[in-house]
Each structure stands twice: as structure tokens, then as C-alpha cells.
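So you know, we letter chains A, B, ... as the sequences are listed, proteins then strands, and number each from 1. Because the structure is predicted, anything quoted here is derived from the model rather than measured.
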2 protein chains.
Amino acid sequence: MTAQNIDEMVRRHLADRDIRFTQGRKAVVRALHLSSGPQSAADLHARMKAQVPLSSLYRSLVVLEGAGVVAAHHSQGPVARFELAEWLTGHHHHVLCMSCGRVDDVSLDRTTESALAGIVVIVASKAGFSVSEHSLEIEGTCSVCRSENSAGTVTQAF
Amino acid sequence: MTAQNIDEMVRRHLADRDIRFTQGRKAVVRALHLSSGPQSAADLHARMKAQVPLSSLYRSLVVLEGAGVVAAHHSQGPVARFELAEWLTGHHHHVLCMSCGRVDDVSLDRTTESALAGIVVIVASKAGFSVSEHSLEIEGTCSVCRSENSAGTVTQAF
DNA sequence: TTCCTTGCAAACGATTTGCATTGGA
DNA sequence: TCCAATGCAAATCGTTTGCAAGGAA
């Protein structure tokens with residue numbers, strides 16, 4: 001998906017909802033599109049070279065989340081992380097590195113994903129819940145940290 | 001698992017690590033054991049009738065988490081939720097109600113769990129991660145909120 | 001003009017910490 | 001005895017908000 005495409009899809013999506021696609025919001029969408037995994041507000045702020053105050057950034061994120069353009073994740077500590085919604089990126093899951101805090105996206109092949117979906121239904125029904133979303137969060141150690149550790153290097157806390 | 005058992009297991013676990021099992025820490029473990037799902041610090045504080053200041057409660061949680069007695073979860077917004085570690089409660093997953101914020105535990109039968117474990121390995125290896133933990137977090141609507149909604153009652157935001 | 005959006009600074013809520021005091025092995 | 005644990009108050013951090021100024025339709 002090219003940046004142009006994303007931009008155009010978001011523009012239409014927002015137009016349908018009478019929400020303006022301002023410069024600030026465009027910049028957020030672009031920054032998210034250039035990122036590989038979920039980003040914290042501070043990450044985005046840095047990535048946009050602080051051209052926009054944090055408070056405005058947060059406001060853009062609130063609007064875009066409300067419009068269903070971005071999704072927020074809270075799994076990792078006290079800081080929220082944001083990424084483009086799945087209708088823009090495709091359905092995927094996250095792996096969290098417990099050593100350096102990095103979060104990566106992973107998507108599954110159709111077979112594995114449908115097996116997972118089956119399990120999700122089982123789990124939810126056991127608790128009497130109806131499912132709206134599911135996300136598999138896997139904690140582990142990324143390859144970088146693993147080699148650093150085995151080399152005796154200090155592990156970076158996060 | 002009775003409260004006595006938990007108490008005794010935790011006592012030994014902490015003793016092995018030269019960490020004291022003080023009144024405050026005992027109270028936290030007891031409160032967690034009496035709860036059905038992950039609890040926020042404020043929940044616990046209320047449940048313990050505010051006999052202990054919040055700051056001390058947090059300190060107990062930090063120590064217990066560091067010792068592997070308590071596990072913290074951050075999936076739900078800005079407030080952390082705590083529960084006893086899985087070696088005390090058994091492996092399980094969470095379902096989150098997007099309407100009222102409630103979080104319930106669900107455990108799977110051996111067959112389903114091992115199917116899930118297989119998927120987890122696939123996902124992690126795709127990202128070059130080695131797995132240490134996995135948790136399936138399912139977002140949905142609990143039965144209470146579903147019936148409230150269908151009855152036209154106001155949905156409680158959280 | 002008329003809203004909506006922005007910037008700035010102040011406010012907030014959850015969590016953490018400094019310091020003097022208390023408590024347990 | 002003596003270090004670890006506690007209570008209190010103040011600090012911190014991520015995030016939100018009030019208000020006045022800027023911008024687009």
C-alpha cells in the first residue's frame with residue numbers, strides 16, 4: 001500500500017464522516033504509515049521532528065481513533081501505542097520483546113488465522129462474551145536481544 | 001486452592017528469595033486471591049477498605065511482581081491491573097468487555113490450549129522471537145452489557 | 001462570518017519517590 | 001540491633017483540557 005493510497009483512502013473515510021483531513025492529521029497518518037509497529041505519542045512526536053506540539057498530536061490521534069483510522073494499544077506498560085487501523089494495514093498480531101520493549105507486527109496465513117479464530121470463539125463463549133476483536137499478544141525476546149544476551153552484553157531495560 | 005495454601009506457597013517462594021512476607025503483602029495476596037479477575041490498584045485499595053495507603057499498596061505490588069508472585073496487565077487503558085501469577089492460579093486468558101471494562105479469566109481445555117500454543121510458536125518464529133509467555137486477549141461485550149443494550153439501557157462507558 | 005483546529009500553559013489521574021518513622025528477624 | 005517496610009506528602013509522567021488565536025469553507 002503506497003502512501004498516496006493510504007492518504008486517499010483516509011481522505012474519503014474522513015470525508016464520509018465530515019471530519020477534516022488537516023495538515024496535522026495527514027502528518028500523523030504519514031508518520032504511522034512509515035512506522036513498522038505501534039508507536040507511542042512520543043515516538044511519533046520525535047519522528048515528526050517535534051514540528052507539532054504533543055498536545056496537538058494527541059488531539060489528532062483522538063480524532064483519528066474515533067474515526068476508526070488509527071487503533072490504540074495499551075499492552076505495553078503505561079504508554080499507549082498507536083497504529084493505522086486494520087482496514088488499512090490488514091489483520092495482524094503483535095510480538096513484544098520483554099527485553100528492549102520493541103513491538104512487531106505479524107500476520108498469519110489463512111489456515112493458521114482461521115484456526116486461531118476458532119479458538120477465540122471458544123474462549124469468548126466460555127465467558128459468555130460476544131467477540132468483537134481479538135489480538136494475540138506474545139511476549140518473548142527478539143533476535144537482537146537474544147544475541148546480545150548470549151554475547152554477554154547488557155540488556156537494555158525499557 | 002485455599003487461601004491457606006496460597007499463603008503458604010507464597011511464603012516459601014518469598015523466603016527462598018529473602019523477601020519478607022509482611023502484613024501488607026499478605027493482605028495484597030489475600031485480596032488478589034479473593035478477586036475473580038485482574039484488579040486495579042484502586043480496586044484493591046477499596047477492597048482492603050483503604051486500611052493501607054495507596055502508595056504502600058503500590059510498593060507491595062512492585063515487590064510481589066518482581067518476585068514473580070503477581071502479574072501486571074496493562075491491556076485496559078491507563079490503569080494497570082494485577083493478579084496472582086499463573087503458577088498460583090493456573091494458565092489462563094482474558095476477555096475484556098469494551099462496554100463496562102470488566103475483565104474475566106478463562107482457561108482452556110488441554111486440546112484447545114495446545115492448539116493455541118502451536119499457533120503461538122508459529123507467530124513468534126515468523127517474527128524471529130523466542131516465546132516466553134503468551135496471552136490471548138479478546139475484546140468483546142459481556143452478557144450483562146449485551147442484555148442492557150438490547151433492553152435500551154444506557155451503556156456505561158469506562 | 002462561523003465553526004473547527006491549533007498552540008500554549010495549566011490541570012489531571014495513575015504511579016513513584018524522598019524522608020522520617022516503625023516494625024520484624 | 002539494624003536493615004527493610006511503611007506512611008505521608010510531594011514529585012513525576014503520560015495524557016487531557018481551557019482558552020484565546022488561526023484557518024478553512
Note to self: If you assign Gln23(B) and Ala42(A) each to the DNA chain D nucleotide with the nearest heavy atom, which residue ends up on the more 5' nucleotide?
What the structure shows: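 On the 5' side of the pair lies Gln23(B).
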Check: Can you check whether His91(A) and His134(A) have ring centres sitting under 6.0 Å from each other?
Finding: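 Here the rings of His134(A) and His91(A) have centres that are less than 6.0 Å from each other.
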Look at the side chain of [X] and decide which nucleotide, out of [options], has an atom nearest to it.
X        : options                   : value
Val79(A) : dT15(C), dG7(C), dG14(D)  : dG14(D)
Tyr58(A) : dT15(C), dG7(D), dT15(D)  : dT15(D)
Pro53(B) : dT15(D), dG7(D), dT15(C)  : dG7(D)
Thr22(B) : dT6(C), dT6(D), dA9(C)    : dT6(D)
Arg59(A) : dG18(D), dT16(C), dT15(D) : dG18(D)

To the nearest Å, how far apart are [X] [atom1] and [N] [atom2]?
X        : N       : atom1 : atom2 : result
Phe82(B) : dA14(C) : CZ    : P     : 12 Å
Ile19(B) : dT6(D)  : CD1   : P     : 12 Å
Leu61(B) : dA5(D)  : CG    : P     : 14 Å
Leu54(A) : dA9(C)  : CG    : C1'   : 14 Å
Leu57(A) : dG7(C)  : CG    : P     : 10 Å
Leu14(A) : dC4(C)  : CG    : P     : 15 Å
Asp18(B) : dA5(D)  : CG    : P     : 11 Å
Gln51(A) : dG7(C)  : CD    : P     : 11 Å

Note to self: With side-chain hydrogen bond (donor to acceptor under 3.5 Å, both in side chains) as the criterion, how do Glu83(A) and His92(A) come out once you've worked through the C-alpha distance, each side chain's angles and the decisive distance to 0.1 Å?
What the structure shows: CA-CA 11 Å; Glu83(A) 62 181 356; His92(A) 60 271; 2.9 Å; yes
Check: Does Ser55(A) put a side-chain nitrogen or oxygen below 4.0 Å from OP1 or OP2 of dT16(D)?
Finding: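 For dT16(D), OP1/OP2 do not have a side-chain N/O of Ser55(A) under 4.0 Å.
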Item checked: Identified side chain to side chain contact (heavy atoms under 4.5 Å, CB included) partner of Phe129(B) from the options Thr141(A), Asp104(A), Leu96(A) ->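 Looking at Thr141(A), Asp104(A), Leu96(A), the match for Phe129(B) under the side chain to side chain contact (heavy atoms under 4.5 Å, CB included) is Asp104(A).
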Note to self: Please find the pair of heavy atoms, one from Leu88(A) and one from Val69(A), that lie closest to each other, and give the distance.
What the structure shows: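 Looking at all heavy atoms of both residues, the closest pair is CD1-O, 3.8 Å.
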Item checked: Nearest atoms (heavy-atom pairs only) where Ala27(A) meets Met48(A) ->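 Reported closest heavy-atom pair: CB-CE, 3.4 Å.
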Considering only NZ, NE, NH1 and NH2 on the basic side and carboxylate oxygens on the acidic side, decide whether [X] and [Y] come within less than 4.0 Å.
X         : Y         : answer
Arg12(A)  : Asp16(A)  : no
Arg110(B) : Glu113(B) : no
Arg47(B)  : Asp43(B)  : no

Notebook entry, point to check: For the atom pair NE2 (His45(B)) and OG (Ser40(B)), what is the distance rounded to the nearest 0.5 Å?
Noted result: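 Output value for this atom pair is 11.0 Å.
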Next item on the list: Drop me the distance from Phe21(A)'s CZ to Asp7(A)'s CG, to the nearest 0.5 angstrom.
Entry: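 Separation between the atoms: 4.5 Å.
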Between the protein and nucleotides 22-25 of chain D, list the N/O to N/O atom pairs that are separated by less than 3.5 angstrom.
none

Note to self: Using a 4.0 Å heavy-atom cut-off, does Val52(B) contact any base of the nucleic acid, only the sugar-phosphate backbone, or nothing at all?
What the structure shows: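 If one applies the 4.0 Å heavy-atom cut-off, Val52(B) turns out to touch the sugar-phosphate alone, with no base involved.
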Next item on the list: Work out how much the helix from dT1(C)-dA25(D) to dA25(C)-dT1(D) bends between its end axes, five pairs an end, to the nearest 10 degrees.
Entry: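 If I round to tens, the end axes sit 30° apart.
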